[in-house]
Amino acid sequence: MKRLFALLFGVFAMVSVVFGQYDLSNYKPLKSQGPIPSDITKIAVADKDQRDYNVLLRYLVMDGDILYGTKLNQYLDVIVDNLMKDDLVKRSKVHVYIVKSASVNAYSTSSGMLFVDMGLLAQVSNESELAFVLGHEIAHYTENHVPQFNDYKDSLKERDRVEYYMKYHTRSRTQELAADRVSIERYLRQSPYSLAVLDGIFDVLQYSDLPFDEVPFNKSLVETEFYQFPENHYLKSVTPISNRADMVDTLFTHPNIERRREAARSLVIGIPETGRSVFVQSEELFNEVRDMARFECLRILLNEHRYDHAFYNTYVLQRVNPDNAFLEQAMVEALYGLSKHKNYGQVSDVLESHKDVEGELQQTSYFFSKVSKQESTLLALRAAWKARKHHPENRYYQEVVDDLMKDLVVNNKMKYTDFSDYPMGTNPDTIKVEEEEHSAQQDSTINKYARIRQQSRTAKVIPTSKFKTMNYMLVDIHQDPDFNDMWHRAVRRSEEDAALELIHRKAKPAESKKLVIASPQYLIYTRHKRTPAQALDEKRSTQLRKTLLHSARRLRLSPVSYTAKDIASFNTDQYNQYAKLQQFIYDYLRSDGIEMVYATSKDMDDVFDLTGTSTVCFTAVRRSPDNFVTYRKIQNLFLGVLSPYYILPVAAEFALPRYDTDMYMLIVDLTSGKTLLTSHDGYLSTMSKSYVDAFMYENLYYYVKGDKK
């Protein structure tokens, strides 16, 4: 199962807005607005032979990762207007788009498309810094730098590659410095933007991997007056953030940041600041745009399952927005995701090693590496329970609480009596057993068995000498009647689930007549000793898609599959719906097969409007050539020596190429996140297509009919 998710995820990873105050207290993920730009449709259907064809941009469009028409886009457009006011012809060809990425970056194409990562908007300090970055990318376009970035020759002889590599990157570094110069001399010099604050953008670039702010990790984030974690859960001090000024840039396409900083300083000497402003559109508007970008980056981090980064950045933002509902859910999602990977998956997949982190974020990474799976589950349960109390109408919180209680009962074998009703440090000998308010004689309406059940639920748990931190983590909510009822329901459900497990092992017949066929992935793995690699075979992927569509139609399913041409025909509402579908797919694949409650699956009504179904089929095929010499071939060779009848078969086995092929299929429900079918098979043969076709048809048949043929 993990190999399937690794294969699928590895490739997959590859109306006018009014400038009014945005309500961050009711923040919703950003959606593209207005007519879909022709740039987007051109990227989708671009021919590979076109001069400006860019496969990375194709992936951005196919993954739904491009934003247009939002308030953030319009903010950037005004900056470009100010920079290019003296060159309206070229200005008309420059179009700015935002990429749903937490990275701090920007880039341009030879056709005038400027792409700004959401992470850059989230990290800059002012509008003038953004103006410099946009001027830099405009310069790449106007100076025709972009095409030269893609002229690396893979066919060069090995002895020439190092020399060519150095020349290529030297030229790239030269272009970066040239773009800085053009940005200042041609665009910023004639603009109303301040040149005195340019140093700031180099700080942003130099420390682009840092959180939104450096705030000490407060123990109150994870502790209460009722329980505390051992001191070994915390670092005594964090590693100071290193000064990256002297980073060697020999093998980087961009020059050392300090070189760029010094070059920029020399260019602004003598340019007066009179009439210039750090904020041209108003500081309030800039702060609003940056806050929106930061909230959106949290959504991106959560979608990428970078839970430690999401947790810390949420904490940073909550200090300014303590009662924000979006941030409250982001915190729950981060803690819940960490707990699921602690219990069922590889936590290293979602938690960066503290040794690779600097600054206060290091404390976060270290802490979550130290907590046990029980402690992690309880931290998530506390946050989800609190959020559920604040927002009882939120179905996501209810489902997360149910799931976490199930993890405690089933996976961690914990009972209600494992949790103390008295704070950590309480001496059990000082606790007096409380008498019932009404004895059996006083309340004749309750029979003996009802009293036993009531006492088992309400009797307070006294700590023992074996209790650890986790046993005290529910003190303040343990006696809540609502919590008590939910816990006992979770126990009953776990017993019922165990009884029904055999029934659910068998796939149910498909109830939906439609099925979304997510882009099939046919991967070729080469076993060259020096450069083993895995690559997407687009031709075979297309053939695999056709096979799936044909098989689905034969089984009277109505398959839904989106190609680049389909996306090119979308309107903006459809593109937003498609982007939400892709977001769920990314979230699901990133989970690596862990059954969990997906926040992305809670608002799928508009996706259903687009697809007409809530089920998605994932498929992947991984093919690699068999080794020329294997134990089996040597064994058969000896048989050939002993018996002449084996000579021809053995010769054929060495002569004909044989392929090791793994095939996978998953069918998932969008609205619940539940896996409806999972199947894997592998074989070693000179044939390939027939086996793959048979595997795909058989499993779709199994999904439709509920039984193997």
Side-chain angles (χ1 to χ4, degrees), residues 15-34 64-76 98-102 116-124 211-213 215 283-307 309-337 383-384 386-388 390-397 400 572-573 576-577 579-580 583-584 586-587 597-607:
V15 177
S16 176
V17 181
V18 179
F19 270 49
Q21 185 67 30
Y22 189 88
D23 184 13
L24 285 175
S25 63
N26 191 32
Y27 183 81
K28 301 293 183 184
L30 295 174
K31 297 180 180 180
S32 294
Q33 299 186 42
D65 283 338
I66 294 178
L67 275 175
Y68 57 86
T70 70
K71 187 171 188 175
L72 278 62
N73 292 88
Q74 292 196 9
Y75 182 82
L76 295 176
I98 296 172
V99 179
K100 299 175 188 176
S101 168
V116 177
D117 284 348
M118 192 68 70
L120 177 63
L121 293 176
Q123 293 284 14
V124 291
F212 301 142
D213 200 356
V215 179
E283 186 172 359
E284 292 74 19
L285 180 57
F286 169 81
N287 289 332
E288 182 183 343
V289 165
R290 186 176 63 178
D291 286 343
M292 292 170 67
R294 288 180 170 182
F295 276 44
E296 192 66 19
C297 278
L298 286 182
R299 186 197 62 76
I300 295 168
L301 290 171
L302 290 167
N303 196 222
E304 294 176 349
H305 291 208
R306 296 172 62 189
Y307 293 125
H309 288 258
F311 174 88
Y312 184 78
N313 278 302
T314 300
Y315 162 60
V316 168
L317 295 180
Q318 279 183 325
R319 291 168 59 86
V320 182
N321 307 276
D323 300 318
N324 186 276
F326 176 85
L327 296 180
E328 186 174 24
Q329 179 162 327
M331 185 63 80
V332 171
E333 287 185 48
L335 289 169
Y336 174 65
K386 182 180 177 181
R388 178 184 173 275
H390 292 166
H391 310 281
E393 76 291 345
N394 190 314
R395 183 164 59 96
Y396 172 72
Y397 293 140
V400 168
T572 293
D573 285 340
N576 285 329
Q577 293 161 1
K580 186 180 289 188
Q583 181 183 335
F584 170 81
Y586 192 100
D587 193 7
V597 181
Y598 297 95
T600 51
S601 69
K602 299 304 126 189
D603 181 24
M604 284 289 166
D605 291 343
D606 50 355
V607 175

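Side-chain contact check for F286 versus V124: some heavy-atom pair is nearer than 4.5 Å. Under the 4.5 Å side-chain criterion, counting only non-hydrogen atoms from C-beta, K71 is in contact with L285. Between R294 and V316, the closest side-chain pair of non-hydrogen atoms is not below 4.5 Å. Put simply, the side chain of P211 does not reach to within 4.5 Å of the side chain of Y315, judged on heavy atoms. Contact check for D573 versus D606: no side-chain heavy atoms found under the 4.5 Å cut-off. In this structure the side chain of V289 never reaches within 4.5 angstrom of the side chain of L76, judged on heavy atoms. In this structure the side chain of M292 never reaches within 4.5 angstrom of the side chain of E296, judged on heavy atoms.
Note: N394 CG to Q329 CD = 5.5 Å, rounded to the nearest 0.5 Å. Taking CG from D65 and CD1 from I300, the interatomic distance works out to 8.0 Å, rounded to the nearest 0.5 Å. Here L301 contributes atom CG and M118 contributes atom CE; the two are 11.5 Å apart, rounded to the nearest 0.5 Å. In this structure, SG in C297 is found 9.5 Å from CG in L120, a value given to the nearest 0.5 Å. A distance of 8.5 Å separates OH of Y336 from OH of Y307, quoted to the nearest 0.5 Å. Atom OG1 of residue T70 and atom NZ of residue K31 lie 13.5 Å apart, to the nearest 0.5 angstrom.
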Exercise for the section: Would you please test V116 and L72 for side chain to side chain contact (heavy atoms under 4.5 Å, CB included) and show each step? Expected result: CA-CA 10 Å; V116 177; L72 278 62; over 6 Å; no

Exercise for the section: Verify side chain to side chain contact (heavy atoms under 4.5 Å, CB included) between Y396 and V332, making sure each step is shown before the conclusion. Expected result: CA-CA 10 Å; Y396 172 72; V332 171; 4.3 Å; yes

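For the pair D213 (side chain) and V215 (backbone), a donor-acceptor distance under 3.5 Å is absent. Side-chain atoms of K386 never come within 3.5 Å of backbone atoms of E328 as a donor-acceptor pair (strictly under, hydrogens ignored). Looking only at distances, no side-chain donor or acceptor of E333 sits under 3.5 Å from a matching main-chain atom of L302. Between the side chain of D117 and the backbone N or O of G119 there is no donor-acceptor pair closer than 3.5 Å. When atom types are taken as modelled, the side chain of D587 and the backbone of Q583 share no donor-acceptor pair closer than 3.5 angstrom. With S32 contributing its side chain and Y68 its backbone, the two residues share a donor-acceptor pair below 3.5 Å. Between the side chain of T572 and the main chain of G34, a donor-acceptor pair closer than 3.5 Å is present. Remark: the backbone N or O of Q318 is not paired with any side-chain donor or acceptor of N324 at under 3.5 angstrom. Between the side chain of N73 and the backbone N or O of L67, at least one donor-acceptor pair lies under 3.5 Å.
Ring-plane geometry between F326 and F295 is classed as parallel, the angle between the planes falling under 30 degrees on a 0 to 90 degree scale with a further cut at 60.
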